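Quick notes on the structure that follows.
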Amino acid sequence: MRLNQNTMLLGKKVVLVPYTSEHVPRYHEWMKSEELQRLTASEPLTLEQEYAMQRSWREDADKCTFIVLDAEKWQAQPGATEESCMVGDVNLFLTDLEDPTLGEIEVMIAAWDRRVGIGASLLAPLSSLRGMTTLGLTKFEAKIGQENEPSIRMFQKLHFEQVAASSVFQEVTLRLTVSESEHQWLLEQTSHVEEKPYRDGSAEPC
């Protein structure tokens, strides 16, 4: 997360901010949900383990992690905390050593109507400087549980195509290869997204 620790992305429906310690308590409450554990293939953690995970992600050079905020709530309520406006997270993993142009993306919407704003929260990091220009990514993959049909349909609407299925892991792999026309489409879809320094680039408080 060192790649995006000082980056904030502002859209019409969502605001993406780096995952900091102040977000951990609500994130921890979300992940007590058996449904979210099943959909994200996650194991329940203690609050202390969740804080340790956040610290490890903060130092990870191969991952961009953003917390998704409800933009309307965050902007309409002066003094509103980010924790009170949290609705999910989006992650971009850079773990394929053989193909540095490939990034794996995950989206989790926990506290909102999942039909609202997901496309924006997904597309923003893809087409931002962090996703394509700075990192040089041209291919994006999403691995989704076979029973998670809403997420599969969402990615397909964003031009991802299924390229593999695993009966062992009960998941499908969808991929978007960014051609020139796809790049232009992404830019058009996210022309409203504004990239700003997060908290004026200040470091996270201890």
Side-chain angles (χ1 to χ4, degrees), residues 1-11 13-71 73-74 77 79-96 103-114 116-118 120-122 124-126 128 130-131 140-145 147-148 150-151 154-155 169-171 197-206:
M1 209 173 74
R2 281 183 287 172
L3 292 166
N4 68 300
Q5 64 181 341
N6 293 322
T7 299
M8 176 171 63
L9 300 172
L10 289 81
K13 294 182 178 180
V14 295
V15 176
L16 274 62
V17 297
Y19 183 33
T20 71
S21 59
E22 73 181 68
H23 304 126
V24 171
R26 189 166 192 196
Y27 192 90
H28 177 64
E29 288 300 314
W30 285 344
M31 298 313 298
K32 291 180 180 179
S33 163
E34 293 183 359
E35 179 188 9
L36 285 179
Q37 291 173 22
R38 176 175 54 82
L39 292 175
T40 59
S42 301
E43 295 293 330
L45 301 176
T46 67
L47 182 59
E48 291 74 18
Q49 289 172 326
E50 205 76 72
Y51 274 111
M53 182 73 72
Q54 183 273 327
R55 288 192 296 269
S56 70
W57 286 2
R58 186 179 61 191
E59 299 302 322
D60 196 331
D62 298 324
K63 175 188 294 186
C64 290
T65 299
F66 288 97
I67 291 294
V68 183
L69 309 180
D70 180 334
K73 183 177 180 181
W74 186 68
Q77 300 180 11
T81 65
E82 291 178 5
E83 183 181 2
S84 69
C85 300
M86 289 169 58
V87 295
D89 72 342
V90 57
N91 300 297
L92 183 62
F93 302 96
L94 314 173
T95 55
D96 192 327
E104 181 180 342
I105 192 159
E106 291 181 351
V107 176
M108 191 261 300
I109 300 299
W112 204 7
D113 184 332
R114 297 181 189 180
V116 179
I118 291 181
S121 68
L122 170 63
L126 291 190
S128 73
R130 292 294 180 266
F140 300 92
E141 283 188 349
K143 296 180 180 179
I144 306 169
E147 63 182 38
N148 194 348
S151 288
M154 179 198 73
F155 277 93
F169 296 105
Q170 294 292 299
E171 67 181 15
Y198 181 58
R199 294 176 178 172
D200 298 322
S202 59
E204 179 185 355
C206 298

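Here the structure is a predicted model, which means the values were calculated and not measured.
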- Task: For the pair R26 and E29, find out whether any cationic side-chain nitrogen is under 4.0 Å from an anionic carboxylate oxygen.
- Result: no
[atom2] on [Y] to [atom1] on [X], rounded to 0.5 Å:
| X | Y | atom1 | atom2 | value |
| --- | --- | --- | --- | --- |
| L10 | M8 | CG | CE | 4.5 Å |
| Q5 | C64 | CD | SG | 10.5 Å |
| L69 | D89 | CG | CG | 11.5 Å |
| T40 | N91 | OG1 | CG | 10.5 Å |
| L94 | K63 | CG | NZ | 10.5 Å |
| L9 | F66 | CG | CZ | 4.5 Å |

- Message: Could you walk me through whether S151 and N148 satisfy the side chain to side chain donor-acceptor pair (under 3.5 Å) test, starting with their C-alpha distance in whole Å, then the side-chain angles of each, then the deciding distance to 0.1 Å, before giving a yes or no?
- Response: CA-CA 6 Å; S151 288; N148 194 348; 3.2 Å; yes
Closest heavy-atom contact between [X] and [Y]?
| X | Y | answer |
| --- | --- | --- |
| W74 | C85 | CA-SG, 3.6 Å |
| Y51 | S21 | CE2-O, 3.6 Å |
| G88 | W30 | N-CH2, 3.2 Å |

- Task: Starting from the C-alpha separation in whole Å, work towards a yes-or-no answer on side chain to side chain contact (heavy atoms under 4.5 Å, CB included) for Y198 and T7.
- Result: CA-CA 5 Å; Y198 181 58; T7 299; 5.8 Å; no
- Using the side chain to side chain contact (heavy atoms under 4.5 Å, CB included) rule, pick out the option among I67, V68, T65 that qualifies with V90. V68
- Note on the structure: Which of M86, E82, E83, Q54 passes side chain to side chain contact (heavy atoms under 4.5 Å, CB included) with E22? Answer is E82
- Item | Derivation and outcome, side chain to side chain contact (heavy atoms under 4.5 Å, CB included), residues R58 and Y19 | CA-CA 8 Å; R58 186 179 61 191; Y19 183 33; over 6 Å; no
- Message: Checking M108 against M31 for the side chain to side chain contact (heavy atoms under 4.5 Å, CB included) test, could you report, in this order, the C-alpha distance in whole Å, the side-chain angles of both residues, the deciding distance, and whether it holds?
- Response: CA-CA 11 Å; M108 191 261 300; M31 298 313 298; 4.0 Å; yes
- Message: Before you tell me yes or no, could you show the steps for E104 and K143 under side chain to side chain contact (heavy atoms under 4.5 Å, CB included), namely the whole-Å CA-CA distance, both residues' side-chain angles and the distance that decides it to 0.1 Å?
- Response: CA-CA 8 Å; E104 181 180 342; K143 296 180 180 179; 3.8 Å; yes
- Message: If we ignore hydrogens and angles and just use 3.5 Å, is the side chain of S84 paired with the main-chain N or O of A80 as donor and acceptor?
- Response: no
- Message: Any side-chain to backbone donor/acceptor pair from E50 onto L47? Under 3.5 Å, distance only.
- Response: no
- Are there more than 12 heavy atoms of other residues, nucleotides or ligands under 6.0 Å from atom NZ of K73? yes
